[in-house]
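Read the structure below first, then the notes.
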Amino acid sequence: MDNFKDSGLGEAVLKAVADLGYESPTPVQAQTLPLTLAEGNRDLIALARTGTGKTAGFGLPLVDGVDPETEGVQALILCPTRELCLQIARDLGDFAKYRKDVNVTAVYGGSNIMDQIRAIRNGANIVVGTPGRTLDLINRKKLKVDNIRRLVLDEADEMLNMGFQEELDAILSATPDDKQTLLFSATMPKEARQISEKYMTDPNEISAGHSDAGVSKIDHKFFKVRSSERFRLLKMLIEMDPDMYGVIFCRTRREVDGIADDLRTAGLNAGALHGDMSQAARDDVMRRFRRKQYSLLVATDVAARGLDVKELTHVINYNLPDAPEVYIHRSGRTGRAGSEGLAFSLVTGREMRKLRAIEKYGKITFEEGELPTPDKVYEMQVLRYLEKVEGTSVEDPKLQKLLESTVFDRLKDLSREELISKFLGTALHSLSSRYQDATPFQQERERPEREKKSRDRNIDYTRLCIRAGKAHGMNPAQLIGMLNRRVPKKRVAIGKVDVQRNLTFFDVDTKESNAVVSALTGVVDKGVALEVQVYGPGEAAGRSGGGGGGFKKKFNKGGKKDNFKKEYGFKKKKHRKGV
Ligand code: AMP
């Protein structure tokens with residue numbers, strides 16, 4: 001089927017498809033539509049990720065199949081997150097533009113249940129829901145699913161990953177046996193297979209492939225970098241591409257906040273999105289990103305689910321995810337239907353194995369990207385500035401007057417070349433100083449163990465203490481990431497790190513300890529300004545007693561311990577060594 005007109009969809013839906021500008025069905029749609037619209041209503045398993053056009057694949061027949069004569073809910077779509085739920089409901093609304101008798105309602109947690117009950121009562125014939133809230137409504141007898149004709153499980157793997165197995169079981173058991181079930185999933189874990197075996201009848205299976213077999217074209221590039229230079233590389237990649245409109249994926253909420261914050265400090269336009277934020281704050285960030293008030297969105301995987309932004313130019317993996325399927329989900333956010341996209345991954349030598357696993361799993365090939373040099377980035381920024389100058393017209397009458405009365409006359413003896421270089425030199429002074437002493441990236445090389453040890457042994461460490469611990473989500477990787485980002489020009493040697501409940505102790509090269517204290521002090525993390533202090537000597541070379549012995553000796557003398565205790569409010573106790 002290479003034409004929507006041949007699909008068997010009704011006139012009203014075809015008109016809506018034309019309005020959306022869809023010219024021909026995507027491969028997933030070409031396979032899904034005939035199966036869903038044909039007599040017999042066979043069950044279907046579709047291996048398809050986001051970006052393949054799967055929403056229309058199930059949504060068009062669903063809208064088309066609504067029978068205005070039948071009362072009650074006729075189709076149910078289950079999906080993992082509120083964002084996706086709203087997105088699907090919006091898409092279905094578009095498909096139903098010329099079918100005023102189709103009534104789509106979204107139900108999800110964290111929002112007023114009474115409003116949702118009212119919407120169902122007001123004649124919803126298609127319900128899109130997250131599993132928890134849907135089951136809640138079924139249990140309250142406000143949502144009747146015993147007469148539905150079609151059930152869609154969208155992003156089934158993700159729902160199972162998020163622990164919705166029980167809810168899915170309960171909901172599926174409440175639906176009639178003779179309905180049609182469509183299961184969409186980017187991957188097919190064993191639990192999804194079990195669901196299909198238990199609740200589906202002789203399903204047809206189609207696949208849009210793990211990789212780019214769909215409609216999009218994605219270039220997968222990796223950039224090899226030392227862990228300590230990850231942030232600098234990210235920043236330079238962004239600066240190299242003035243038109244970048246992308247999502248930067250991070251592993252933790254804390255990392256998301258830290259990086260978004262640091263990007264903003266560097267003058268880049270970034271929003272943060274993660275599950276610790278209130279729903280209203282998340283909606284606000286999404287809205288700004290869609291309107292391009294933010295050109296970059298730093299996000300965790302879960303928070304970015306359901307984010308449907310059509311023209312994303314880039315997806316950047318600040319770290320590679322552990323599971324290859326997560327990479328596929330992430331990169332599927334760029335290169336949406338028909339357009340091209342770039343998926344960049346910042347990888348250390350150690351992560352190369354993960355990269356190879358992703359290549360194998362996704363049947364994709366990564367190309368090694370060229371590391372941007374400071375000179376190149378500088379050149380790019382200057383060119384960008386010139387573009388801005390070219391596009392500027394002086395409209396301010398005050399400035400215009402001043403130009404004519406004073407400025408032109410005053411500068412009349414300068415040649416054109418002199419004028420240009422003087423103006424550019426002044427305007428770009430801070431830019432050139434930023435790149436002047438920037439060193440090129442060094443490819444990461446795994447140092448042999450022996451070399452590492454001998455280097456570390458020559459360092460005199462000082463132990464610092466930061467007033468944030470496990471209770472605040474701190475862990476050694478977070479701390480090291482924070483240090484690398486905040487003390488960028490120095491490669492600070494870090495010794496032992498000991499994360500306790502409310503405090504974190506860590507050893508840094510004594511020569512850098514002051515720089516580290518001032519770089520971290522006052523850094524706002526989750527709305528709290530960090531406090532950092534020198535705690536005592538670190539675990540020096542060859543000392544067997546460790547940092548505990550060091551601080552004990554120091555703080556037992558001259559009342560320093562008491563001062564520290566007063567300031568930090570914790571009892572002296574020998575902290576656990578190492579991590
Ligand atoms: P999905 O995989 O459902 O998230 O869809 C990805 C994107 O592709 C959405 O932005 C759709 O609007 C777009 N899309 C879906 N089907 C088509 C089509 N046949 N032609 C062009 N764009 C499409």
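Whatever order the structure lists ligands and atoms in, that order sets their numbers, starting from 1. Residue numbers start at 1 and run along the sequence shown.
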Practice task
Run the numbers for me: atoms of ligand 1, each under 4.0 Å from some heavy atom of Phe4, listed by number.
Solution key: 19 (N)

Completion exercise
Here the gap from Leu44 atom CG to Gln180 atom CD, rounded to the nearest 0.5 Å, amounts to 7.5 Å

Problem - Atoms of ligand 1 close to Thr55 [distance to a heavy atom under 4.0 angstrom, numbered from 1] - result: 1 (P), 3 (O), 4 (O)

Completion exercise
At under 4.0 Å between heavy atoms, what of Phe58 touches ligand 1? The answer is neither

Practice task
Using a strict 4.0 Å threshold on nitrogen-to-oxygen distance, state whether Arg282 and Glu83 make a salt bridge.
Solution key: yes

Exercise for the section: State plainly whether the residues Lys144 and Glu71 are in salt-bridge range, i.e. N to O under 4.0 Å. Expected result: no

Practice task
Answer yes if the side chains of Arg149 and Gln74 hold a donor-acceptor pair under 3.5 Å, and no otherwise.
Solution key: no

Handout entry: Nitrogen or oxygen atoms of Arg49 and ligand 1 under 3.5 Å apart
Key = no

Exercise for the section: May I ask you to check if ligand 1 and Gly53 share an N or O to N or O distance below 3.5 Å? Expected result: yes

Problem - Pair Lys198 + Asp169: basic N to acidic O under 4.0 Å - result: yes

Handout entry: Test item, Ser24 contacting ligand 1 (heavy atom, 4.0 angstrom)
Key = yes

Practice task
Please identify which atoms of ligand 1 are closer than 4.0 Å to at least one heavy atom of Thr26.
Solution key: 16 (N), 17 (C), 18 (C), 19 (N)

Handout entry: Contacts of Arg118 that satisfy side chain to side chain donor-acceptor pair (under 3.5 Å) - sequence neighbours left out
Key = Asp115

